[in-house]
Visitor: 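Submitted below is the structure of interest, expressed as structure tokens.
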Amino acid sequence: MQQEGFSSAYTPGEIERRWYEAWLRHDLFRANPDSGRPPYSILMPPPNVTGVLHFGHVLNITLQDIYIRWHRMQGYEVCWFPGIDHAGIATQVKVEQELAAEGVTRHQLGRERFLERVWQWKERYGGIILEQMRALGISCDWSRTLFTMDESASTAVREVFIRLYDEGLIYRGKRIINWSPRLQSALSDEEVVYRPVTEELLVLRYALEEGGGFVPVATVRPETIFADVAVAVHPDDERYRSVVGKRVRVPLTERFVPVIADEAVDPAFGTGALKITPGHDAVDFEIGQRHGLPLLVCLTPEGRLNELAGPFAGLERFEARRRVTERLQELGLLERREPYTHNVGFSERSGEPVEPYVSNQWFVRMKPLAEPALQVVLEGKIRFHPEHWVRTYEHWMRNIRDWCISRQIWWGHRIPVYYAPDGRYTAARSPEEARQRLGLDPEVPLEQDPDVLDTWFSSWLWPLTTMRWLADGVTEETPDLRVFLPTDLLVTAPEIIFFWVARMIMATLKFRGTIPFRDVYFTSVIRDGYGRKLSKSLGNSPDPLPIIAKYGADAVRFTMIYLSPLGQDVRMTIDERTQDIPSMEIGRNFANKLWNAGRFLWLKSQQYGVSSKPIADEALTLPERWIRSRFAAALRATEAELRHYHVNDYARLLYNFVWNDFCDWYLEALKVLLQRSTAEEAAGRCRFALELYEGILRLLHPVMPFITEELWHLLWERREEEFLCVAAAATAAEAWHSAEDEENFSLLQAFIGEARRLRSLLGLPPQECPQLFIRAVTSEIIQLLGSHRWLLEALVPCHATVLDAHSPVPPRALTGVVRGTEIFLVPSSDYDLTTELERLQREIARLQRLLEETQAKLQNPAFLQRAPSAVVEREREKEQSFQQSLAKLHERLATLQLLSSSEDSHA
RNA sequence: GGGCAGAUAGCUCAGGUGGUCCAGAGCGCUUGCCUUACAAGCAAGAGGUCGGGAGUUCGACUCUCCCUCUGCCCA
């Protein structure tokens with residue numbers, strides 16, 4: 001394409017923009033359910049419409065893209081469904097903030113106009129995150145993007161509500177729910193976060209009606225006494241046995257309430273006697289129901305005391321607590337007070353403590369839905385990765401509670417329930433249908449429920465709505481549903497296993513009779529250098545876009561994957577001042593390495609030419625056969641790692657293969673090899689190298705799509721409309737694997753390594769070539785080293801001579817032993833032998849220790865008797881090899897000692 | 001309070017089914033090098049009683065139990 005652009009450093013920016021644009025222009029990501037190819041599909045967890053890209057997304061999205069791209073190259077018909085979530089409360093809060101800046105409340109604006117504002121806001125800011133994701137190169141099918149408030153999704157939501165309502169699985173009920181006084185809305189259990197708070201535990205005196213004393217009652221919420229309906233003790237509690245059944249007076253009121261006995265009371269807590277306030281506590285609510293107690297409510301939805309509180313009415317709840325406590329003290333009804341730390345629920349969205357509150361809400365009966373959803377996971381029809389999440393899932397599913405789906409906000413799917421003036425109500429698609437269902441005349445006015453549905457009520461239908469199920473309210477079958485459901489993989493954060501994953505399983509089983517996905521990958525949680533979750537408020541959640549701009553999308557993708565082991569959190573040091581992530585250098589350096597390997601091959605191709613066929617197998621040298629065998633192994637291993645969702649191992653494997661095997665050894669060998677070849681051979685070797693390198697690009701494409709696409713075009717004559725993105729995956733022939741070549745080459749590597757070690761002791765400049773003597777013991781080694789002398793000489797570097805076992809060697813030399821074979825490096829005359837003497841002595845001591853350990857084992861009769869014979873045999877071999885090496889080193893030591901003493905005497 | 005995960009080199013982490021190279025990588029550090037692609041690099045090196053204790057075993061970083069600490073989820 002444009003080979004003059006092969007610079008010495010990889011510059012990602014322009015390349016990434018160019019290729020993403022080209023992929024989109026050629027419509028490479030659009031799925032065709034009718035292609036007849038085997039399908040592979042993924043549902044993208046829809047980011048919130050209010051969302052901005054953070055590193056959790058980067059990891060999540062990259063993981064999905066890897067699997068999508070990998071399967072695309074394997075020949076699957078791939079479909080990745082993107083979308084956006086309307087994020088009810090989060091979005092409404094954002095827009096209300098905007099209004100607040102203008103000095104307007106949503107109530108002043110009214111429902112209609114407020115919703116218009118939200119839609120305007122959505123048009124302006126919604127989906128920015130999808131734009132941001134494009135910078136990562138994700139290959140999802142943009143033509144299928146769905147917004148959870150789209151007409152089609154909303155229709156399906158309404159139909160599902162009506163179906164469940166008709167089946168009796170959705171009901172309206174009075175329940176204690178989590179109420180946010182600030183949001184004026186119910187919250188789901190999942191929207192409440194618990195934090196330890198130190199408050200005061202008060203012991204109050206509830207006077208016995210008959211006189212003669214008090215029952216001491218412990219509470220942290222004195223302001224709710226106005227709604228007390230009983231005092232409860234444990235049935236076995238001796239202290240209170242005599243008062244059970246009697247009546248006590250609620251302090252500050254004229255009311256008398258019974259003392260009851262209930263198993264739920266913990267006798268060890270406080271005084272063992274609790275006030276029962278069913279209107280303001282979930283446990284009390286249940287106790288109240290068990291004992292048929294009345295229900296009193298003394299707080300308003302705004303969190304202020306109501307008329308039940310008499311003179312305290314109108315006070316805000318925490319102010320009320322102080323005032324009530326004061327008054328109790330004045331009246332001598334406060335026995336004692338002590339600090340008490342307990343967990344208090346806070347609203348995740350608005351931050352204030354939630355108020356347990358009795359109100360009319362809509363619920364989904366979960367038990368019947370949970371049962372089959374648990375089974376498909378326990379039976380392994382859906383597999384979790386890592387597997388341990390199954391236990392958490394099971395625990396939750398077995399203890400599941402009904403799902404409160406109504407929210408007292410305006411932005412969301414309005415509950416399709418209509419109320420008649422006579423108080424009757426029904427779910428319906430329209431007021432007309434509601435009148436019909438209720439048997440009312442057309443002119444009877446109806447009122448629609450003002451509440452909207454929990455955001456997750458649309459999310460749990462995601463596998464269905466993305467594929468257009470009931471998009472028009474009637475059509476149950478679509479091409480996408482037929483081909484792409486069940487999807488193959490879901491990649492998501494573990495914290496939404498209950499909000500989302502579990503409920504999608506329930507909904508898809510319920511409405512489609514199938515599982516929504518086969519594998520679920522729970523991603524790592526990204527943390528900063530201190531182990532804290534990344535969050536905007538902590539200032540430790542950098543914007544990925546500048547980091548992508550700085551290091552390149554491929555580098556960021558690669559680093560994230562490289563650092564993310566399955567089931568383990570990821571720690572990344574973040575520079576809080578510059579918002580930089582230094583570990584991104586891993587990926588950037590690797591990309592640069594890959595780039596330069598390509599540049600090297602390109603330069604060599606220019607120099608030697610490239611033949612149309614690679615060099616014949618018979619003409620291949622050991623380094624070439626070795627790297628081909630290693631490539632075959634890397635290919636097999638990467639596929640296995642990806643299949644097992646060990647993505648970090650996939651990245652590490654390729655990193656090590658490219659860097660250590662391909663660049664450090666094969667390319668270094670190739671430099672020498674090309675010089676030693678005829679022109680024809682050299683062109684064939686270039687061809688061979690290029691084909692191998694192309695295989696590497698194919699292996700790396702799923703994780704580093706841009707740089708691999710660019711190199712794929714730079715190094716070959718490609719037509720404009722050819723893309724690595726849709727090319728076939730790499731392959732390797734069976735015959736490429738050769739254990740013998742791998743063994744022989746690793747032997748050469750060991751010799752080169754030892755020689756380099758000796759060489760570095762001399763501190764020689766690179767041009768200088770010392771003499772290297774190798775005294776080989778077997779003819780195989782003599783043969784191997786003799787025929788690869790050129791490789792040793794180039795890579796050490798040195799002048800090498802291979803000798804047989806009994807040949808003399810120069811007395812002044814540094815010594816090493818590689819698997820029983822001695823090597824000698826001859827230093828220049830001024831080298832101080834004492835350094836070498838000391839080194840030899842250390843080496844001897846080290847081997848001596850090892851020998852002793854081995855011998856200790858071999859002298860242990862229990863070991864000889866019980867250990868498997870193969871293990872014993874190996875120990876014997878070790879013993880022998882240590883002894884041999886020691887003998888040689890001792891011999892050297894003696895020679896050198898003699899030499900150095902004679903040198904001393906000369907001096 | 002219930003459940004789960006983890007504790008290995010200064011930092012971040014690898015080390016299925018116990019013996020295999022005196023425990024590995026990257027970064028950082030030390031030394032020498034701008035050596036025919038890459039200083040975002042090359043070569044060599046230092047650095048760990050594998051959280052503590054007990055047990056099982058001929059043998060434990062690897063299995064069991066207890067303890068300590070860290071984090072997460074749920075109530």
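If you're wondering where the values come from, they're calculated on a predicted model, not measured in any experiment. Chain letters run A, B, ... following the sequence lines, proteins first and then strands; every chain starts at 1.
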Visitor: Calculate the interatomic distance between A:His388 atom NE2 and B:G71 atom C1'; express it in whole Å.
Guide: 12 Å
Visitor: Within the structure, does a side-chain N or O atom of A:Asn589 lie under 4.0 Å from either OP1 or OP2 of B:G41?
Guide: yes
Visitor: Give one of base, sugar-phosphate or nothing for A:Gln865, where a contact means two heavy atoms less than 4.0 Å apart.
Guide: nothing
Visitor: Reckon A:Arg588 touches a base, only the sugar-phosphate, or nothing at all at heavy-atom distances under 4.0 Å?
Guide: base
Visitor: Please state the C1' separation for the pair B:A5 and B:G45 - nearest whole angstrom.
Guide: 37 Å
Visitor: Ignoring backbone atoms, test whether A:Lys593 places a side-chain nitrogen or oxygen under 4.0 Å from the OP1 or OP2 oxygen of B:C42.
Guide: yes
Visitor: From C-beta outward on A:Lys604, which listed nucleotide comes closest to its side chain: B:A40, B:A5, B:U36?
Guide: B:U36
Visitor: Write down the distance separating the C1' atoms in B:A14 and B:A9, rounded off to the nearest Å.
Guide: 13 Å
Visitor: Donor-acceptor pair, distance only, cut-off 3.5 Å: does the side chain of A:Asn648 make one with the backbone of A:Ile561?
Guide: no
Visitor: Whole Å only: how far is the CG atom of A:Leu762 from the C1' atom of B:A43?
Guide: 14 Å
Visitor: Have a look at A:Arg874 and say if it touches a base, only the backbone sugar-phosphate, or nothing, with a 4.0 Å heavy-atom cut-off.
Guide: base
Visitor: Using the side-chain contact (heavy atoms from CB on, under 4.5 Å) rule, take A:Phe824 and A:Thr815 through it: C-alpha gap first, then chi angles, then the decisive distance, then the call.
Guide: CA-CA 5 Å; A:Phe824 306 91; A:Thr815 313; 3.9 Å; yes
Visitor: Considering only atom P, compute the distance from B:U36 to B:G24 and round it to an integer number of Å.
Guide: 33 Å
Visitor: Please state the C1' separation for the pair B:U12 and B:G48 - nearest whole angstrom.
Guide: 15 Å
Visitor: Give A:Asn399 one of three labels, base, sugar-phosphate or nothing, depending on what nucleic acid heavy atoms sit under 4.0 Å from its own.
Guide: nothing
Visitor: Start with the C-alpha gap between A:Arg759 and A:Leu825, add the side-chain angles, then the distance that decides, and say whether side-chain contact (heavy atoms from CB on, under 4.5 Å) holds.
Guide: CA-CA 7 Å; A:Arg759 195 180 189 286; A:Leu825 195 75; 4.0 Å; yes
Visitor: Taking the side chain of A:Trp659 as heavy atoms from C-beta outward, which of B:G19, B:C4, B:C42 is closest to it?
Guide: B:C42
Visitor: Only one of A:Ile627, A:Leu594, A:Asn656 passes side chain to side chain contact (heavy atoms under 4.5 Å, CB included) with A:Phe662; say which it is.
Guide: A:Ile627
Visitor: Could you state the CZ-P distance from A:Phe590 to B:C27, rounded to the nearest angstrom?
Guide: 13 Å
Visitor: Can you figure out which of B:A40, B:C74, B:C4 approaches the side chain of A:Phe498 most closely?
Guide: B:C74
Visitor: Whole angstrom is fine here: how far is it from OH in A:Tyr655 over to P in B:A40?
Guide: 14 Å
Visitor: Could you work out which one of B:C73, B:A43, B:A40 sits closest to the side chain of A:Arg756?
Guide: B:A43
Visitor: Assess the residue pair A:Phe6 and A:Leu715 against the criterion (side-chain contact (heavy atoms from CB on, under 4.5 Å)); give the C-alpha distance rounded to whole Å, side-chain angles, the decisive distance to 0.1 Å, and a yes or no.
Guide: CA-CA 10 Å; A:Phe6 224 131; A:Leu715 284 169; 4.2 Å; yes
Visitor: Hey, which sits more toward the 5' end of RNA chain B by its nearest nucleotide, A:Thr11 or A:Asn656?
Guide: A:Asn656
Visitor: Taking the minimum atom-to-atom distance to the side chain of A:Ser8, which one of B:G26, B:C38, B:A40 wins?
Guide: B:C38
Visitor: Decide, yes or no, whether a salt bridge links A:Arg757 with A:Glu754 under the criterion of side-chain N to carboxylate O below 4.0 Å.
Guide: yes
Visitor: Measuring from the side chain of A:Ile586 (C-beta onward, heavy atoms only), which nucleotide among B:A37, B:G26, B:A5 has the closest atom?
Guide: B:G26
Visitor: Quick check on side chain to side chain contact (heavy atoms under 4.5 Å, CB included): which of A:Glu681, A:Arg685, A:Arg676 does A:Thr621 satisfy it with?
Guide: A:Arg685
Visitor: So does A:Glu879 pair up with A:Arg876, basic N to acidic O under 4.0 Å?
Guide: no
Visitor: May I ask you to decide if A:Thr559's main-chain N or O and A:Arg588's side chain share a donor-acceptor pair within less than 3.5 Å?
Guide: no
Visitor: Using a cut-off of 4.0 Å on non-hydrogen atoms, how would the nucleic acid contact of A:Tyr10 be classed: base, sugar-phosphate, or nothing?
Guide: base
Visitor: Map every base of RNA chain B to its dot-bracket character, where paired means a Watson-Crick or G-U wobble contact with both distances under 3.5 Å and | marks a partner outside the strand.
Guide: (((((((..((((.....[....)))).(((((.......))))).....(((((..]....)))))))))))).
Visitor: Among the nucleotides B:A40, B:A25, B:A75, which one has an atom lying closest to any side-chain atom of A:Arg401?
Guide: B:A75
Visitor: Among the candidates B:G45, B:C38, B:C13, find the nucleotide nearest to the side-chain atoms of A:Asn596.
Guide: B:C38
Visitor: Give the rounded distance in Å between these two atoms: CG of A:Asn660 and P of B:A14.
Guide: 19 Å
Visitor: Find the distance A:Phe600:CZ to B:C42:P and express it as a whole number of Å.
Guide: 14 Å
Visitor: Would you find more than 12 non-hydrogen atoms of other residues, nucleotides or ligands less than 6.0 Å from A:Arg391 atom CZ?
Guide: no
Visitor: Students often get this wrong, so: under 4.0 angstrom with heavy atoms, is A:Pro861 touching a base, only sugar-phosphate, or nothing?
Guide: nothing
Visitor: When the P atoms of B:C4 and B:C66 are compared, how many Å lie between them, rounded to an integer?
Guide: 12 Å
Visitor: Say you pick atom C1' in B:C33 and the same atom in B:A39; how far apart are they, in whole Å?
Guide: 10 Å
Visitor: Within the structure, does a side-chain N or O atom of A:Arg757 lie under 4.0 Å from either OP1 or OP2 of B:A44?
Guide: no
Visitor: Rounding to the closest angstrom, what is the interatomic distance between B:G16 and B:A54 at atom C1'?
Guide: 27 Å
Visitor: For the side chain of A:Asp664, counting heavy atoms from C-beta on, which of B:G19, B:A43, B:A37 is nearest?
Guide: B:A43
Visitor: Assign each of A:Trp665 and A:Phe882 to its nearest nucleotide of RNA chain B by heavy atoms, then name whichever residue's nucleotide is nearer the 5' end.
Guide: A:Phe882
Visitor: In whole angstroms, how far is the C1' atom of B:A44 from the CD atom of A:Glu754?
Guide: 12 Å
Visitor: A:Tyr650 OH to B:A25 P: how many Å, rounded?
Guide: 23 Å
Visitor: If I pick the C1' atom on B:G19 and the same atom on B:U57, what distance separates them, to the nearest angstrom?
Guide: 12 Å
Visitor: Ignoring hydrogens and angles, does a donor from either the side chain of A:Glu668 or the base of B:A37 sit under 3.5 Å from an acceptor on the other?
Guide: yes
Visitor: Quick one: do A:His395 and A:Asn399 satisfy side-chain contact (heavy atoms from CB on, under 4.5 Å)? Show the steps, please.
Guide: CA-CA 6 Å; A:His395 191 256; A:Asn399 297 291; 4.0 Å; yes
Visitor: Considering only side-chain heavy atoms of A:Lys671, which listed nucleotide, B:G19, B:A43, B:A37, is closest?
Guide: B:A37
